[in-house]
Protein chains: 2
Amino acid sequence: MEVTFLGTSSAVPSKNRNHTSIALRIPGEVFLFDCGEGTQRQMAIAGISPMKVTRMFITHLHGDHILGIPGMIQSMGFRGRQEPLEIYGPPGIHELHESIMKLGYFTLDFDIHVHEVKGGTVLEEEDYRITSAPASHSVFNLAYCFEEKKRPRFLREKAIELGLKPGPAFGKLHRGIPVRVGDRIIKPEEVLGSPRRGVKICYSGDTRPCESVIDLAREADLLIHESTFEAGSEDKAAESGHSTAREAAEVAASACVRRLILTHLSTRYKRTEVILNAAREVFPETDVADDLMTVEVKADDSGSSA
Amino acid sequence: MEVTFLGTSSAVPSKNRNHTSIALRIPGEVFLFDCGEGTQRQMAIAGISPMKVTRMFITHLHGDHILGIPGMIQSMGFRGRQEPLEIYGPPGIHELHESIMKLGYFTLDFDIHVHEVKGGTVLEEEDYRITSAPASHSVFNLAYCFEEKKRPRFLREKAIELGLKPGPAFGKLHRGIPVRVGDRIIKPEEVLGSPRRGVKICYSGDTRPCESVIDLAREADLLIHESTFEAGSEDKAAESGHSTAREAAEVAASACVRRLILTHLSTRYKRTEVILNAAREVFPETDVADDLMTVEVKADDSGSSA
């Protein structure tokens, strides 16, 4: 599972940092978390096709998180997209969509399904779940959490011992469906190993440090937290509804995550050492995102698969 | 007078080419011609402040020419702009402005004056004039022409001979206002040299080769013409309302311009030699624009100042 930071600036972009967007690549799909202006070009540079984006999750309705949506949609239409696009976002997302559809001349041959989210479960699929929680910004902001549902290992030899033949029955049992062999019903738990942890990734959007993000991010493999200001600028951060690097690190520590990556950096910081050092004092497993940085995220199943 | 190509792609951006925008820097002001997505970041890279943009001229309402406006406006607001911004564009520009003002949460402390243009004179200032003409695209597209009004040289020694003293009277006469010395009225033409040509720059926007652009660009120092396709793709160009490199060069030759720069290149062309060579066969003084290329444009007053 790969996370690519398409843009890592805060309100205004700089030479080196585009507006915010994060791509999460899972098998067969790309999710975008936020879509600031210029995201489609960052994807061209990163070699990720916008046509593979199935879902966009918008944290809040500030321009630096949403103004790439119109161009992304129009380019998808221009390239002949047919597959629907799902857009999730806070209250106001329907009105945003309406305004976006009035920006100049274009035609789309695909449907856009817009989903208003206020918190809680956003969607539940066979292989993953997305949940959300209101965070604490100057406007309503959703933090999002992606959780992979990893199936237990299929105990092939055990299944054969029980009289099953390799084939569709194996798949059914692995997906949790009982199978009949002669007179006997074989239950999934008879041929499955112990539960396995899937990958858990949490993204804060723009927020003050807050309990709801700590709860949502609990034991995540990766927390992506905003860090608009450096340590020492707590007042400015509080005024504008943002976090400092140290505050983000405190959230990571409280949530017992495995790794923290800071993003949404003010253009005033040309060098990121100060931000990084302040955060690492509190939470050593911290990095600062750069534009186009890709990280592979794996689950820590050391505890659960034993 | 400097022209900077902020973006040179056509409908979709590529690694090397952002969506269309051209900055014209004249003393004290920056004009933007078109404002595709990502223009504000291109300006950051080019070192041109969005705060200095006084006027935007929009050729037509396709996304690749307009979707940088929302972010530009919001960033100007974020940076505390107070000065009004003038936006000129084709019919539909008022509705576009209305939709742009509904894109998420933001506040502006400056006024935006939107001007609908259908062709003809766009504005006339003391030092320059902007004119326009409908071109020939799939939707209504305006070509724009910037013309510097260059004052004739002020013949200082002649003025002193006529009894004038250096001071405000010199400036008045240079600006075309008669001045009284004793009983006598001195007329500007008595102390001014022969007329001088100012810089003339014409930008086509998206268009088929057409007479109205030829007329508008007549004897321009620089024609910036779209060249979405290479020579040999005339059918595709005609279908989509665009021009090939050769067609753009034919426009330049017919208009007797001094220099042609091609822009708005399809992402299918990774190497621009083919485009350049086809155009140069017809019009040798041709170049192909790259992102962030800056050219200085001077008037050719060799004929008129003699």
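All values reported here derive from a predicted model rather than from experimental measurement.
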Colleague: Which atoms of T39(B) come close to chain A, meaning under 4.5 Å heavy atom to heavy atom: side chain ones, backbone ones, both, or neither?
Modeller: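 Just its backbone gets close to chain A.
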
Colleague: Measure distances from Q42(B) to the heavy atoms of chain A and classify the residue's part below 4.5 Å as side chain, backbone, both or neither.
Modeller: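 For Q42(B), side-chain heavy atoms alone lie under 4.5 Å from chain A.
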
Colleague: In Å and rounded to the nearest 0.5 Å, what is the CG to CG distance from L61(B) to L103(A)?
Modeller: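 One gets 10.0 Å once the value is rounded to the nearest 0.5 Å.
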
Colleague: Counting only heavy atoms closer than 4.5 Å, note whether I100(B) contacts chain A via side chain, backbone, both or neither.
Modeller: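 It is both, since atoms from each part get that close.
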
Colleague: Using a cut-off of under 4.5 Å for heavy-atom pairs, which of M43(A), R17(A), H60(A) has the most such pairs with chain B?
Modeller: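 Looking at each option in turn, the highest pair count goes to R17(A).
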
Colleague: For the atom pair CZ (R41(A)) and CZ (R41(B)), what is the distance rounded to the nearest 0.5 Å?
Modeller: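 CZ of R41(B) is found 8.0 Å from CZ of R41(A).
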
Colleague: Given heavy-atom pairs under 4.5 angstrom as the criterion, report whether the side chain, backbone, both or neither of R79(B) touches chain A.
Modeller: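 It is the side chain, since no backbone atom gets that close.
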
Colleague: Using 0.5 Å steps for rounding, measure from the CD atom of E98(B) to the OG atom of S99(A).
Modeller: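 Answer for the CD-OG pair, E98(B) versus S99(A), is 10.5 Å.
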
Colleague: Of the backbone (N, CA, C, O) and the side chain (C-beta and beyond), which part of N16(B) lies under 4.5 Å from a heavy atom of chain A, both, or neither?
Modeller: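 Backbone of N16(B) only, per the 4.5 Å heavy-atom cut-off to chain A.
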
Colleague: If we only count heavy atoms from C-beta on, is the Q40(A) to E37(B) side-chain gap below 4.5 Å?
Modeller: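 Side chain of Q40(A) against side chain of E37(B), heavy atoms only: contact under 4.5 Å found.
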
Colleague: With a 4.5 angstrom heavy-atom cut-off, could you sort out which part of H19(A) is near chain B: side chain, backbone, both or neither?
Modeller: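 The side chain, not the backbone.
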
Colleague: Which answer fits Q74(B), side chain, backbone, both or neither, if we ask what part of it has an atom under 4.5 Å from a heavy atom of chain A?
Modeller: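 When you check distances to chain A, only side chain atoms of Q74(B) fall under 4.5 Å.
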
Colleague: What residue, out of P50(B), S14(B), G92(B), has the most heavy-atom pairs lying under 4.5 Å from chain A?
Modeller: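 Heavy-atom pair counts peak at S14(B).
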
Colleague: Compare every heavy atom of V12(A) with every heavy atom of S75(B), then report the nearest pair and how far apart it is.
Modeller: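 For S75(B) and V12(A), the tightest heavy-atom pair comes out as OG-CG1, 3.6 Å.
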
Colleague: Would you mind telling me which of V139(B), I69(B), I93(B), T267(B) has the largest number of heavy-atom pairs within less than 4.5 Å of chain A?
Modeller: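 The residue among V139(B), I69(B), I93(B), T267(B) with the greatest pair count is V139(B).
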
Colleague: May I ask you to name which of P13(A), A11(A), G38(A) has the most heavy-atom pairs under 4.5 Å with chain B?
Modeller: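 Most heavy-atom pairs within the cutoff with chain B belong to P13(A).
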
Colleague: If we only count heavy atoms from C-beta on, is the F106(A) to H62(B) side-chain gap below 4.5 Å?
Modeller: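 No, every pair of side-chain atoms sits at 4.5 Å or beyond.
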
Colleague: Give a yes or no on whether F78(A) atom CZ has more than 12 heavy-atom contacts from other residues, nucleotides or ligands under 6.0 Å away.
Modeller: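 Open.
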
